[in-house]
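We count residues from 1, following the sequence as given. Remember, it's a predicted structure, so these values are computed and weren't measured experimentally.
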Amino acid sequence: MNRFSLYAALIVGAISAPALSQGQIGTVERGAYICELPGDAAGAVGVEQPEESFVIESASRYSSPQGSGTYLRRDNQIIMTSGPRNGTAYQMIARGFLRKIVDGQPGRLRCVRQGE
């Protein structure tokens, strides 16, 4: 391998490494995601937060009470990339079950897909 080929291989590897580390692109199941905070032992299991709920309309679009926009899923992280929720992120805990990311960690707010 000559010097030029070695440099070319190193450059290609350096450029593609960040893309590979970002995770697999995917989608979220379509449907309404009802968001709630945990309740307490004396009351309801969850306290619905209607302003946090949203609907996944297609492979990359969502709508919420505040408006609509797009999202991106990489592995188990969903981030709203446009619209009123731009920058809001969720961790996929299980199929149809998300937790809103707060300060880099899954927070108390949970969003559960309703119906089939």
Novice: If you compare all heavy atoms of D75 against all heavy atoms of G23, which two are closest, and at what distance to 0.1 Å?
Specialist: OD2-CA, 3.2 Å
Novice: Answer yes or no: is there a side-chain heavy-atom contact under 4.5 Å between P65 and P50?
Specialist: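 They are not in contact (no side-chain heavy atoms under 4.5 Å apart), so the answer is no.
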Novice: Quick one: are T70 and M80 in side-chain contact, heavy atoms under 4.5 Å?
Specialist: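 The answer is no, as the side chains (C-beta and beyond) never meet within the 4.5 Å cut-off.
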Novice: Can you check whether E51's main-chain N or O pairs, donor with acceptor, with Q66's side chain at less than 3.5 Å?
Specialist: yes
Novice: If hydrophobic clusters are built from ILVMFWY residues whose side chains come within less than 4.5 Å, do M92 and Y33 share one?
Specialist: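 Linked, M92 and Y33 end up in one cluster.
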Novice: Roughly how far, to the nearest 0.5 Å, is the CZ atom of R85 from the OG atom of S63?
Specialist: 9.5 Å
Novice: Show the numbers, then the answer: is there a side chain to side chain contact (heavy atoms under 4.5 Å, CB included) between R73 and T27?
Specialist: CA-CA 6 Å; R73 176 181 173 195; T27 60; 5.6 Å; no
Novice: Where do R61 and S68 land on the side chain to side chain contact (heavy atoms under 4.5 Å, CB included) test, with the steps shown first?
Specialist: CA-CA 7 Å; R61 299 209 50 87; S68 60; 3.9 Å; yes
Novice: Does the side-chain hydrogen bond (donor to acceptor under 3.5 Å, both in side chains) test come out yes or no for R74 and Q24, once each step is laid out?
Specialist: CA-CA 5 Å; R74 288 203 179 267; Q24 183 79 20; over 6 Å; no
Novice: If you measure from OG on S82 to CG on L72, what distance do you get to the nearest 0.5 Å?
Specialist: 11.0 Å
Novice: Considering residues at least two apart in sequence or located in another chain, which fulfil the ring-ring contact (aromatic ring centres under 6.0 Å, His included) criterion with Y62?
Specialist: none
Novice: Do I34 and V112 touch side chain to side chain, with heavy atoms closer than 4.5 Å?
Specialist: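 With C-beta onward as the side chain, the pair stays apart.
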Novice: Starting from I25, can I reach I78 by hopping between I/L/V/M/F/W/Y residues whose side chains sit under 4.5 Å apart?
Specialist: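 In one cluster with I78: I25, no.
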Novice: Could you tell me if the ring centre of F54 sits under 6.0 Å from that of Y90?
Specialist: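 Aromatic pair counts; centres sit under 6.0 Å.
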Novice: List, one per line, each side-chain donor-acceptor pair under 3.5 Å for residues 98-106, sequence neighbours excluded.
Specialist:
residue : atom : partner : partner atom : Å
R99     : NH1  : R108    : O            : 3.0
K100    : NZ   : E52     : OE1          : 3.2
K100    : NZ   : E52     : OE2          : 3.4

Novice: Is a donor on one side and an acceptor on the other found under 3.5 Å between the side chain of Y71 and the backbone of A59?
Specialist: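 Such a contact is found between Y71 side chain and A59 backbone.
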Novice: Taking salt bridge (charged side-chain N to carboxylate O under 4.0 Å, His left out) as the test, write out the residues that go with R110, two or more places apart.
Specialist: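 E36.
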Novice: Under 3.5 Å, is there a donor-acceptor pair between the side chain of R113 and the main chain of R30?
Specialist: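 Side chain of R113 to backbone of R30: a pair is present.
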Novice: E29 and R95: side chain to side chain contact (heavy atoms under 4.5 Å, CB included), yes or no, with the steps?
Specialist: CA-CA 8 Å; E29 280 188 89; R95 184 175 167 209; 2.8 Å; yes
